Amino acid sequence: MQGQEISTREAWGSKVAFIFAATGSAIGLGNIWRFPTVVSQNGGAVFVLVYVLAVAFIGFTVMLAELTIGRHTQRNPVGAFESIKPRTPWKFIGYLGMITGVCILSFYAVVAGWAAGYIFKMASGALKGKLTAEMSNKIFTEFSSDPIQVFLFFGLIMGLTIFIVSKGVKKGIERWTKVLMPVLFLLIVFLAIRALTLPGAGKGIAFYLRPDFSKLNGTVILYALGQAFFSLSLGMGTMITYGSYISKKDNLVSSAGWVTFSDTFIALLAGLIIFPTLAFSGQPGNVGDETLAFKIFPLIFPEIPGGQIFGIFFFTLLTVAAITSTISLLEVPVAYFVDERNWSRKKAALVIGLFTFVLGVPAALSTGGMQFFTKIKVLGLFAFIFGNISLAVGALFICIFVGYIWGIKKALKEISSGNPRFKLRPIWVFSLKFLSPIAILIILYFIKTLKG
Ligand code: PHE
């Protein structure tokens, strides 16, 4: 039965297609919305430094581990653990990943809805002309506290996600990402150049790039690590799932490297837009919450000739980048129900998608829509618990699993298919077996230093 499944299983059209899809999963709101937020909350440049280290030493390691499990087993996360270690509790790491994915999707799609809503805000001219920080804040607050608008766009995003995932890997996911990701990249480079030349940009750059080590503490490290996993789509089996569609001929190491690099590059560029613009608007080093990016981005467009068009374009691409991530979040549980429970793709996407929508109601009402949810900051809370802690726990177990349970030898054999000379091998093995799991464990310990 298994052999049959494998032969009829979908696969990426090519290595490039996989890279685009995986990069599409990685690049999204995490880079452009969440990264600037957590940088602003965690001391600026020192956070950026810890983040880059976490990506290079831990993120890459886990990325390669996930892709390796995925390609070896050609299964969804639950099935993957089950096929390597049958009838053991390891499959629960797969279940944890599925639950985490659904919970992340529930708030992520709300924020993606904000981005979609902002396409129309830009188009309506509400964000045109001389725009002060106060005006921009007010426009966002009015928008995000209006349940009708929020639910409309949240629903739209979920609907599109369900539609694309139900179409399957090749026709749905692949087609979209190939064209749109490069366009997004170019636009972000352009906006960064504009932001860097705004008057007063220097202060913002200093906050963003000149580390103040007195701000380094456990919370900063905990958030940096969590953000690394979130941004790279790690710790919940997304890359196991996407890896399961990779051909045996492809090079997993360079794929992992490419996805890790481009994701980080885009996040760093997004910071180069946000912080100079923040300083330009007279609030350098402002500590923002989950709404920061939406209040700051609009401030740059009036500074560009024809800025309104750029604005419309930017929020459109941000929405697309978000959707290439929402589909990867939904794809994990869908792959499970398709592979293991024999559900049709359509049914799985629809049932899980609708469930996620309901789960997202509190987050959707937490930016002013309903006092109770606003007060307990549901969206931020979900982002922290599922988008940070849960991913770190998942990543820890993935390292232990590949390093000790499945075994390095077998993992290396899988990697060698498509890459006979794996030069970083000793470093990867060291990081996988020792550095990453120990670091994640120590960092998770910092949870108790969190206030409130
Ligand atoms: N990496 C995505 C982003 O940065 C979010 C995501 C997290 C997607 C986990 C899939 C899995 O926007």
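One-based numbering, in listed order, for ligands and for the atoms of each. Remember, it's a predicted structure, so these values are computed and weren't measured experimentally.
Near S325, the atoms of ligand 1 lying under 4.0 angstrom from a non-hydrogen atom of the residue are 2 (C), 12 (O). Residue contact check: L329 has heavy atoms under 4.0 Å from atoms 8 (C), 9 (C), 10 (C), 11 (C) of ligand 1. Remark: ligand 1 atoms within the under-4.0 Å shell around heavy atoms of G30 are 3 (C), 4 (O), 12 (O). Atoms of ligand 1 found under 4.0 Å from any heavy atom of M236, numbered from 1 in the order shown, are 9 (C), 11 (C). Annotation for ligand 1: atoms under 4.0 Å from non-hydrogen atoms of S328 are 8 (C), 10 (C).
Here the two rings, on F386 and F107, have centers that are 6.0 Å apart or farther. Within the 6.0 Å centre-distance limit, the rings of Y118 and F143 are counted as a close aromatic pair. When ring centroids are compared, Y95 and Y336 come within the 6.0 Å threshold. Aromatic ring centres of F315 and F120: separated by at least 6.0 Å.
Between T238 and ligand 1, not a single N/O pair is under 3.5 Å apart. Considering backbone and side-chain atoms alike, Y108 places an N or O below 3.5 Å from some N or O of ligand 1. Between I27 and ligand 1, not a single N/O pair is under 3.5 Å apart. An N or O contact shorter than 3.5 Å links S25 to ligand 1 by distance. Not a single N or O atom of L234, backbone or side chain, sits closer than 3.5 Å to an N or O atom of ligand 1.
Among protein heavy atoms, the minimum distance from atom 7 (C) of ligand 1 is reached at F230 O, 3.3 Å. Of the protein's heavy atoms, S233 CA, 3.6 Å lies nearest to atom 9 (C) of ligand 1. Of the protein's heavy atoms, A26 O, 3.1 Å lies nearest to atom 3 (C) of ligand 1.
Looking at S233 and T238, their side chains never bring a donor and an acceptor atom within 3.5 Å of each other. Side chains of S83 and T73: a donor-acceptor N/O pair is absent below 3.5 angstrom, by distance only.
Without hydrogens or angle criteria, T161 side chain to I327 main chain gives no donor-acceptor distance under 3.5 Å. The closest donor-acceptor contact from the side chain of R34 to the backbone of A383 lies under 3.5 Å.
Other residues, nucleotides and ligands contribute over 12 non-hydrogen atoms within 6.0 Å of the NZ atom of K433.
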